[in-house]
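What follows is a single structure, written as structure tokens, with notes after it.
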Amino acid sequence: MRKRLWFWQVVLLVALFGFWHVATHPDLIPPFVWDNPNRAAFFFGEPVKIAKVIADWFASGEIYPHLWVTLQETALAFVIGSALGLVIGLWLGLTPFASALLDPYIKAMNAMPRVVLAPIFMVWFGLGIWSKVALGVTLVFFIVFFNVYQGVKEVSPVVLNNATMLGATRRQLLRFVYLPSATSWVFSSLHTSVGMAFVGAVVGEYLGSAKGVGYLIHMAEGSFDINTVFAGILVLTIFALVLDFAVSVAERRLLVWRPTQGETEPQL
Amino acid sequence: MTASVSLEKVTCTFAARSGDGHYTAVKDVDLAIADGEFVSVVGPTGCGKSTLLNVAAGLLRPSSGHVRIHGEPLAGINRRAGYMFQAEALMPWRSALENVTAGLEFRGEGREAARTKGEDWLARVGLAGFGDRYPHQLSGGMRKRVSLAQMLILDPQILLMDEPFSALDVQTRQLMENELLELWSADRKSVIFITHDLEEAISLSDRVVVLSAGPATRPIGEYVIDLPRPRDVSEIRLSPRFIELHDRIWHAMKDEVLKGYQQTRNRTTS
Ligand SMILES: Nc1ncnc2c1ncn2[C@@H]1O[C@H](COP(=O)(O)OP(=O)(O)O)[C@@H](O)[C@H]1O
Ligand SMILES: [Mg+2]
């Protein structure tokens with residue numbers, strides 16, 4: 001069943017690229033939208049040329065520094081954003097006064113479209129990686145923050161009482177009950193927050209930088225080089241898929257204690 | 001002799017969940033448990049059994065009244081007591097062994113020593129080899145065993161047990177009751193065992209305390225259970241003395257429960 005699904009997924013992919021190729025390659029089929037046979041290729045690129053751009057990038061090694069920069073920005077934004085979200089989420093989750101006081105501000109900051117901060121971050125942190133990291137952090141922070149806050153609120157009072165009766169001090173409750181419970185909520189939002197860190201990095205690069213895959217796309221766009229734009233997009237997509245896969249692997253290792261559906265329970 | 005646990009005129013009043021009224025769950029409760037005594041507290045659901053146990057544990061401060069532990073007034077958490085909760089209380093992110101050794105870790109005991117002790121306790125509750133399972137990978141009965149080991153590993157002088165086996169099926173439950181009695185008989189700790197099941201109460205205890213229906217719950221009867229030990233909980237239920245005791249307590253309980261029911265009905269209609 002799985003194999004068959006796989007097979008058809010590959011067939012669909014090949015068909016998609018085949019259609020793309022046939023529809024955009026000049027003079028392969030009679031033009032049906034535009035009179036000029038080169039128009040389709042101008043707007044949509046040509047898969048063969050795109051593949052060549054990508055192959056050249058990897059063959060010459062030109063792409064690696066850019067990928068490395070994007071990866072660094074993503075990782076930093078994720079780690080810093082998660083750490084901030086965890087600490088502040090724990091703090092506000094445990095101090096009702098502070099959370100009541102800051103509630104409207106947090107709502108406002110979360111409602112604001114964070115991309116508009118990009119120019120400010122450029123001014124503050126320059127065109128290097130840190131302005132992109134900052135943008136990613138503002139995106140990751142809120143996801144993690146809300147999850148941790150929720151996680152703290154939903155810690156089972158019975159588990160807390162039990163730990164208290166077993167002799168846990170307030171600090172130990174924080175470390176052995178609230179923190180693991182909150183971290184599990186961070187992990188449950190791992191896919192979204194890594195995705196957001198990635199979006200922050202790429203959008204930041206696109207809006208102004210000297211390195212990164214987003215910068216490559218921006219440059220190619222400036223010279224109407226649609227094939228390179230598509231090549232960049234494809235590389236980013238594959239990069240995102242790899243990242244997502246890595247997250248799934250990490251998740252499986254970190255959340256072994258989580259019940260998964262279909263697992264049988266041993267009989268007493 | 002000073003009692004191991006004594007509640008003196010304990011009253012607990014809660015703010016009502018709706019509106020601004022008050023609800024007095026328990027009123028003027030006196031209850032004393034001697035050293036090494038196994039006392040069961042029975043009463044209808046919602047009458048305030050858990051509330052009383054939380055007071056004895058120091059998790060809840062009574063609105064008025066006092067709690068003494070070995071004669072000393074209780075301030076804060078009752079450090080001499082172990083508590084087995086009615087609901088799931090294990091930390092789901094910790095394996096069975098890590099759950100059992102949690103209390104030792106809180107005390108700052110060494111990892112290796114704690115581990116050895118934990119394995120030993122897991123074996124004693126019949127879970128040898130299950131140490132690395134997570135709570136969701138264990139059956140309900142196994143989780144209760146882990147909770148039992150988690151409590152007993154700290155060697156508390158007083159055991160507070162809140163309907164610990166009520167969620168289990170009859171067979172598992174009787175198995176666990178026998179195991180509890182066996183573990184208890186080894187060093188005779190003082191036990192307050194909450195249950196709504198009269199048969200369970202009689203077969204385990206030295207004394208059964210019956211509570212009236214809420215609100216303003218108070219003890220309405222105390223019965224010494226003079227059945228011989230060691231006991232087998234499923235066999236002892238067939239003995240004539242057990243049946244006699246059961247009849248007596250059940251009649252008293254039924255009358256009181258009906259009376260309580262009548263009272264609440266009159267109050268709501270008048
Ligand atoms: N924190 C609380 N706030 C308000 N009412 C409560 C609270 N805890 C318990 N009660 C009420 O007190 C009564 C006794 O509760 P409980 O001790 O849990 O009963 P039992 O354990 O006998 O089933 C119930 O009517 C319950 O609704
Ligand atoms: Mg209860």
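Protein chains get the first letters and strands the later ones, always in sequence-line order, with residue 1 at the start of each.
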Closest-packed option against chain A by number of heavy-atom pairs under 4.5 Å, given B:Met151, B:Gln86, B:Glu105, B:Met84: B:Glu105
A:Ile106: what forms a side-chain contact (heavy atoms from CB on, under 4.5 Å) with it, not counting sequence neighbours? A:Leu92, A:Leu102, A:Phe142, A:Phe145, A:Phe146
To the nearest 0.5 angstrom, please state how far the CG atom of A:Asn161 sits from the CD1 atom of B:Ile77. 7.5 Å
Other residues, nucleotides and ligands only: do more than 12 of their heavy atoms fall within 6.0 Å of CD on A:Glu154? yes
With a 4.5 angstrom heavy-atom cut-off, could you sort out which part of A:Thr164 is near chain B: side chain, backbone, both or neither? both
Just wondering, more than 12 heavy atoms not from B:Lys189 lying within 6.0 Å of its NZ? yes
Chain A-proximal positions within residues 109-116 of chain B [heavy-atom distance under 4.5 Å]: none
From B:His136 atom NE2 to A:Trp257 atom CH2, the distance as rounded to the nearest 0.5 Å: 9.5 Å
Can you confirm whether more than 12 heavy atoms, excluding those of B:Arg61, are under 6.0 Å from its CZ atom? no
With sequence neighbours excluded, what pairs up with B:Asp120 under the side-chain contact (heavy atoms from CB on, under 4.5 Å) test? B:Arg124
Taking everything shown except B:His22 itself, do over 12 heavy atoms lie less than 6.0 Å from its NE2? no
Below 4.5 Å, heavy-atom pairs only: which of B:Arg107, B:Met91, B:Gln150 has the largest tally toward chain A? B:Gln150
Identify the two heavy atoms, one from B:Trp93 and one from A:Val159, that lie closest to each other, and give their separation to 0.1 Å. CH2-CG1, 4.5 Å
Chain B contacts: which residues in residues 169-182 of chain A have a non-hydrogen atom closer than 4.5 Å to it? A:Gln172, A:Phe176, A:Val177, A:Pro180, A:Ser181
Which bit of B:Leu90 comes within less than 4.5 Å of chain A, counting heavy atoms only: side chain, backbone, both or neither? backbone
Honestly, the part of B:Phe85 sitting under 4.5 Å from a heavy atom of chain A is side chain
Do A:Val158 and B:Glu88 touch side chain to side chain, with heavy atoms closer than 4.5 Å? no
Does A:Lys153, at its NZ atom, have more than 12 non-hydrogen atoms belonging to other residues, nucleotides or ligands within less than 6.0 Å? yes
Is B:Tyr134 in contact with chain A via its backbone, its side chain, both, or neither, using a 4.5 Å heavy-atom distance? side chain
